[in-house]
Student: 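Handing you this structure, nothing more for now.
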Amino acid sequence: MNRLIFIIAAIVVWQVGGRLFLTDAPTAAAFPPVTGAEFQDHEKYTEDARRSQREDALKSLDLAWSDRCGAKRDNFISGLNHYYYHRQNQNERYPETYGPAGAAYIAGVWTTAEDRRIERLTQEAYAAGYIKPSDFDGMASQMVTTVVRGEQVRGRGCAG
């Protein structure tokens, strides 16, 4: 009886081990070729949204330094949070949906002159001590962390 159980257990281990170690590794999901038409259905709406998000971010960043503290601080952070949330979200979702073509497309969309200005002004606000990544919600915080990487805080912002 013990010999039979041993043989059955050995067969089970052999089968499980064979499936785990001898089968090909699962391949990544293949993305169909992207022609660009895939973006057109919803891009007209997201382009308008991106334009509005840029305008809100620039309005926030154009505030006087004194308007970035106290009662007006929530408005200052909110305008930036909204912009950086959508930017980070699209940078994650487009590659998931469209693969490498989506990643290349969305990277190009978020590199306008306005985006570079928003990044530069964000870096200045960070260096002056007016913002820190933890001021922002999860996704926005990720993008702000990337934008201010390498910058050093030299000012005291609202504390000074």
Student: For D115 versus V109, what's the shortest heavy-atom pair and its separation?
Tutor: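 Minimum heavy-atom separation between D115 and V109: OD2-O, 3.7 Å.
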Student: Report yes if the side chains of T145 and F136 come closer than 4.5 Å at any heavy-atom pair, otherwise no.
Tutor: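 Not in contact.
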Student: Ignoring hydrogens and angles, tell me if any N or O in the side chain of E151 forms a donor-acceptor pair with the backbone of Y126 under 3.5 Å.
Tutor: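 Answer holds: no.
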Student: State, to 0.1 Å, how close A57 and I118 come at their nearest heavy-atom pair, and which atoms those are.
Tutor: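 Closest heavy-atom pair between A57 and I118: CB-CD1, 3.8 Å.
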Student: When hydrophobic residues are tied together by side-chain contacts of less than 4.5 Å, even through go-betweens, does Y85 share a cluster with L61?
Tutor: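 No; L61 is not reachable from Y85 via cluster members.
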Student: Is Q90 close to R50 at the side-chain level, that is, under 4.5 Å between some pair of heavy atoms?
Tutor: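 SC-SC contact between R50 and Q90 confirmed.
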Student: Do the side chains of V148 and P133 get nearer than 4.5 Å, heavy atoms only?
Tutor: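 Side-chain contact under 4.5 Å: yes.
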Student: Judged by atom type as modelled, is there a donor-acceptor pair below 3.5 Å linking the side chain of R73 to the main-chain atoms of R68?
Tutor: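 Such a contact is found between R73 side chain and R68 backbone.
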Student: Measure the shortest side-chain to side-chain distance between Y105 and Y98 over non-hydrogen atoms and say whether it is less than 4.5 angstrom.
Tutor: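 With C-beta onward as the side chain, the pair stays apart.
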Student: Considering non-hydrogen atoms only, spot the tightest contact between Y94 and G102 and give its length.
Tutor: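 So the minimum-distance heavy-atom pair works out to CB-O, 3.6 Å.
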Student: Against N89, only a single residue in E92, R93, R87, H86 fulfils side-chain hydrogen bond (donor to acceptor under 3.5 Å, both in side chains); can you say which?
Tutor: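 Among E92, R93, R87, H86, the one meeting side-chain hydrogen bond (donor to acceptor under 3.5 Å, both in side chains) with N89 is R93.
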Student: Under 4.0 Å between a Lys/Arg side-chain N and an Asp/Glu carboxylate O for E55 and K59?
Tutor: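 No, E55 and K59 are not salt-bridged.
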Student: For the backbone of D137 and the side chain of N81, can you confirm whether one donor and one acceptor N or O come within less than 3.5 Å of each other?
Tutor: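 Side chain of N81 to backbone of D137: a pair is present.
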Student: Do side-chain atoms of D135 reach the backbone of K132 as a donor and acceptor pair under 3.5 angstrom?
Tutor: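 The answer is yes, because a donor-acceptor pair under 3.5 Å joins these two groups.
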Student: Does the R116 side chain pair with the main chain of T111, one donor and one acceptor, at a distance under 3.5 Å?
Tutor: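 Answer holds: yes.
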Student: For D62, which residues count as a side chain to side chain donor-acceptor pair (under 3.5 Å) partner, sequence neighbours excluded?
Tutor: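 Testing D62 for side chain to side chain donor-acceptor pair (under 3.5 Å), a comparison that skips the adjacent residues, returns R117.
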Student: When you check the side-chain N and O atoms of S141 and Y84, is any donor under 3.5 Å from an acceptor?
Tutor: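 There is no such pair between these side chains.
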Student: Does the ring centre of Y83 sit less than 6.0 Å away from the ring centre of W110?
Tutor: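 Centroid separation for W110 and Y83: below 6.0 Å.
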